[in-house]
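Structure, as structure tokens:
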Amino acid sequence: VTERRYDPISGEWRMFATRRQDRTFLPAEDACPLCPTREGGPATEIPLSEFEVVVFENQFPSLVREPPEPDVADSSLYPVAPSAGAAEVIVYSDDHHLGLAEMDVARIARIVDVWADRYAELGSRDEVAYVFVFENRGVAVGVTLHHPHGQIYAYPEIPPRARRELDMATAHIADFGTCVYCDVVARERADGVRVVAHNQSFLAFVPFAARFPYEVHVASLRHVASLLDLTDPERLALAEILQRVIGAYDSLFGFPLPYVMSMHQAPTDDGAHEHVSHLHLEFTPLHRTAQKLKYLAGSELGAGAFINDTAPEDTAARLRAASVGTEAGRG
Ligand SMILES: [Zn+2]
Ligand SMILES: [Zn+2]
Ligand SMILES: [Zn+2]
């Protein structure tokens with residue numbers, strides 16, 4: 001079964017991809033499908049003996065360029081649609097142990113360039129309404145391959161979380177005449193207490209009403225709708241602040257902190273979204289402490305109402321101190 005089904009109760013499309021059950025699950029390092037194909041060694045998914053950064057189509061995709069017809073019949077109550085779109089894997093480096101936290105800023109900037117290129121190319125396809133760049137890091141958030149990599153999904157409609165943010169931004173412009181994210185960035189810079197790190201072009205902060213204890217958002221200081229609007233120095237600044245945020249996580253916890261990193265940019269359908277889309281990334285780690293995870297339970301899953309048992313100002317202070325420590329450590 002590879003299809004999309006519409007839930008008439010929530011108004012959301014859900015993706016079905018039953019072949020994904022057969023995915024490779026946490027293989028040993030010497031059987032890693034994302035390592036280069038070394039001379040004399042087994043063939044991996046990447047037929048290169050070395051590489052800097054590589055993108056290819058996910059072998060177990062939930063969205064594909066030429067999707068099969070759905071297995072179930074469509075009806076007015078239960079609309080069904082083909083899984084049109086794309087699912088890509090972006091392998092950050094040919095080194096099995098070199099993730100975003102370990103590589104230098106120039107190399108992260110190359111990955112930012114690739115994200116921008118894929119956003120442009122996938123977004124230019126007629127069937128693609130939204131390009132979503134993300135990374136799942138760590139077994140706690142469901143990673144099935146340890147080799148540092150991220151993913152890119154190209155959806156045929158704007159997904160629910162992005163849809164809600166756009167609707168809120170649209171309402172904010174109607175009420176106040178300004179971009180809500182620009183207002184948030186200005187407020188966080190003025191308050192300072194939730195700031196984790198900042199540079200000439202980006203701000204990293206724990207949101208005022210964070211869902212997760214160590215949630216961090218990274219936003220462009222300037223109003224830009226997507227990576228394509230960033231200048232080269234701004235792309236470098238994004239690379240630098242990502243390194244600092246992840247470095248702060250890892251030095252505060254003492255291990256690579258599992259997280260989901262989500263990038264929100266303008267949709268690529270035919271709509272006019274420049275004024276309501278403000279480029280930002282959201283880091284959502286599940287850890288409350290080094291030993292304890294925050295599980296989504298009754299209030300979050302059943303009611304959609306998050307309860308956070310930490311003060312964002314406190315977690316921001318801890319991350320800020322760890323970020324400064326990382327810089328000092330790098331000399
Ligand atoms: Zn590997
Ligand atoms: Zn803005
Ligand atoms: Zn967002």
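Whatever order the structure lists ligands and atoms in, that order sets their numbers, starting from 1.
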- Would you say the side chains of S93 and D95 form a donor-acceptor pair under 3.5 Å? no
- Query: Using 4.0 Å as the upper bound for N to carboxylate O, is an ion pair formed by E234 and R222?
  - Reply: yes
- Under 3.5 Å, is there a donor-acceptor pair between the E12 and Y6 side chains? no
- Message: Assess, by modelled atom type and distance only, whether the side chains of H264 and E282 contain a donor and an acceptor separated by less than 3.5 Å.
- Response: yes
- Query: In degrees, rounded to 10 degrees, what angle do E282 atom OE2 and H280 atom NE2 make at the Zn ion (ligand 3)?
  - Reply: 110°
- Angle at the Zn ion (ligand 3) between OE1 of E165 and ND1 of H264, to 10°? 90°
- Measure from the Zn ion (ligand 2) to each N, O or S atom of C179 and report whether any distance is below 2.8 Å. yes
- Message: Just checking: H146, one of its N/O/S atoms, less than 2.8 Å away from the Zn ion (ligand 1), yes or no?
- Response: no
- Task: Could you pull out the atom name of the N/O/S atom in H278 that is nearest the Zn ion (ligand 2)?
- Result: ND1
- Query: At the Zn ion (ligand 2), what's the angle from C182 SG to H223 ND1, rounded to 10 degrees?
  - Reply: 110°
- Query: Considering the options F212, F253, Y249, which one meets the side-chain contact (heavy atoms from CB on, under 4.5 Å) requirement together with H287?
  - Reply: F253
- Task: Specify which N/O/S atom of H147 comes nearest to the Zn ion (ligand 1), by atom name.
- Result: ND1
- Give a rough value, rounded to 10 degrees, for the angle at the Zn ion (ligand 1) between atoms ND1 of H96 and SG of C32. 110°
- Check: L48 and P36 side chains under 4.5 Å, non-hydrogen atoms: no
